[in-house]
> 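Let me give you the structure first, and then I'll get to my questions.
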Amino acid sequence: MRRSIKKVAAGLLATMMIGTMLTGCGGGNKKDSGSSKKETSEINIGFSQVGAESDWRVANTKSMKSALTAKNGFKLSFADAQQKQENQTKAVREFITQGVDVIAIAPVTETGWETVLKEAKKADIPVITVDRQIKTSDDSLITAWVGSDFKKEGVKAAEWLIKEKGKEKGDVNIAVLQGTIGSSAEIGRTKGFKEGIKDQKNFKIIASQTGEFTQAKGQEVMESFLKQNKDIDVVVAQNDNMAFGAIDALKAAGKTPGKDVTIISFDAIKAALKKVQSGEINAEFECNPLHGPRVAELAKKIMKGEKVDKIQYVDEQVFTKDNTTKEVINKRAY
Ligand code: GYE
């Protein structure tokens, strides 16, 4: 990889300059020392995180921070974008100015990245995307991505609901609490679910709005759904925190979540699995946030000039009351 060669060269140059300063004469040909030393030295990595909007995100941050440690060979610059893409662009520019070795981005939305990524490429800094994805016209702007197949999660949710309610005679009214519009998680889950139910004539999506992946907004949007539509049969919350908000809104409206209204959610954090067990959430579609170790491994390989897989999906499960045992909940790492 060009960058690691550059880094080795920089190391050599620095060694030569120090040598020059110490001996006080130029032209000495004290080569070497550099390469192996530089290769094992710490990797400066800048990570631009979406924010702290959900428990999933908090678990993701924790995973990244505990993998990208000094002990593991990293120097991490962490920037929280507070769910705003302009903050991410700023953070990435700062990483470039700092001259980090690798940039990791968990992007808020998929679009709007072209310019800043070109700047990173010009500075010869590889970019790894984490969790959500980035859409670019130029493939070479991203070295690797690790995350979930959000569309598949949406399809699985549709398949589960068809098994559950597909044979009902009347209409099945569905309300969707979407995540941040334009984020991969929202795009994929919306698309997968819609495609999955398209032949199911009695399934009607009667309301759909973003709750920004937060509990407070999820509750607020659910309250307004309930004001407009009295007979909602199913709530599809595109993450657990919005599901928690929706559950509160339903209870306040005198409805029993999980019974009067079927609740489907994504992420499968520990607190949500407890609600599956107690019956307030009917089905959970897992989304694994523990990307830290994978990103660390990718960064190390990239810095050594090794080839890496451009796309890495993680395996995910479905949880319903049948398989959400006490042991499963106790073992849950997030
Ligand atoms: O589902 C949600 C978080 O992008 C997969 O973002 C992630 C989503 C996750 O806020 O809880």
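First listed ligand is number 1; within each ligand, the first listed atom is number 1.
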> What's the shortest heavy-atom distance between S148 and C287, and which atoms?
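That closest heavy-atom pairing would be OG-SG, 3.4 Å.
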> For the pair L298 and Q312, evaluate side chain to side chain contact (heavy atoms under 4.5 Å, CB included) and give the outcome as yes or no after the intermediate values.
CA-CA 10 Å; L298 277 170; Q312 286 190 34; 3.4 Å; yes
> Give me the nearest non-hydrogen protein atom to atom 2 (C) of ligand 1 as residue plus atom name, then the distance to 0.1 Å.
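Ranking protein heavy atoms by distance from atom 2 (C) of ligand 1, first comes N239 ND2, 3.5 Å.
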> Which of the numbered atoms in ligand 1 are under 4.0 angstrom from any heavy atom belonging to R57?
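It comes down to these atoms of ligand 1: 3 (C), 4 (O), 6 (O), 7 (C), 8 (C).
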> Going by the order shown, which atoms of ligand 1 are within less than 4.0 Å of some heavy atom of C287?
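Listed by number with element, the hits are 5 (C).
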> Counting each atom of ligand 1 from 1 as listed, which ones have a heavy atom of F150 under 4.0 Å away?
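The atoms of ligand 1 under 4.0 Å from a heavy atom of F150 are 5 (C).
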> Tell me: protein heavy atom nearest atom 11 (O) of ligand 1, and distance?
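The answer is D267 OD2, 2.7 Å.
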> Check each atom of ligand 1 against the heavy atoms of D131 and keep those under 4.0 Å away; list them by number with element.
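What qualifies from ligand 1 is 4 (O), 5 (C), 7 (C).
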> Considering distance alone, does some N or O of W56 sit under 3.5 Å from an N or O of ligand 1?
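So ligand 1 has no N or O lying under 3.5 Å from an N or O of W56.
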> Looking at R57 and D131, is any side-chain nitrogen of the basic one under 4.0 Å from a carboxylate oxygen of the acidic one?
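Answer for the salt bridge query: yes.
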> Give me the nearest non-hydrogen protein atom to atom 8 (C) of ligand 1 as residue plus atom name, then the distance to 0.1 Å.
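Of every protein heavy atom, R132 NH2, 3.8 Å lies nearest to atom 8 (C) of ligand 1.
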> Taking all non-hydrogen atoms of both residues into account, name the closest pair between T109 and I181 and its distance.
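Distance-wise, the nearest heavy atoms are CG2-O, 3.7 Å.
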> E42 and K75: which non-hydrogen atoms are nearest, and at how many Å?
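Looking at all heavy atoms of both residues, the closest pair is OE2-CD, 3.5 Å.
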> Considering the heavy atoms of E53, write down every atom of ligand 1 situated less than 4.0 Å from one of them.
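Close to E53: 3 (C), 6 (O), 10 (O).
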> A quick test of your reading: do over 12 heavy atoms of other residues, nucleotides or ligands sit less than 6.0 Å from CG of D315?
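At most 12 heavy atoms, drawn from other residues, nucleotides or ligands, come within 6.0 Å of this atom.
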> Does R93 count as lying over the ring of F95, i.e. NZ or CZ under 6.0 Å from the six-ring centre, within 45 degrees of the axis?
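No, R93 does not sit over the ring of F95.
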> Any idea which atoms of ligand 1 are less than 4.0 Å away from a heavy-atom of S54?
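Those atoms are 2 (C), 3 (C), 10 (O), 11 (O).
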> Using non-hydrogen atoms of the residue, decide whether R189 is closer than 4.0 angstrom to ligand 1.
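For ligand 1, residue contact (heavy atoms, under 4.0 Å) with R189 is present.
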> Can you tell whether the side chains of K275 and E284 come within less than 4.0 Å, N to carboxylate O?
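Salt bridge absent between K275 and E284.
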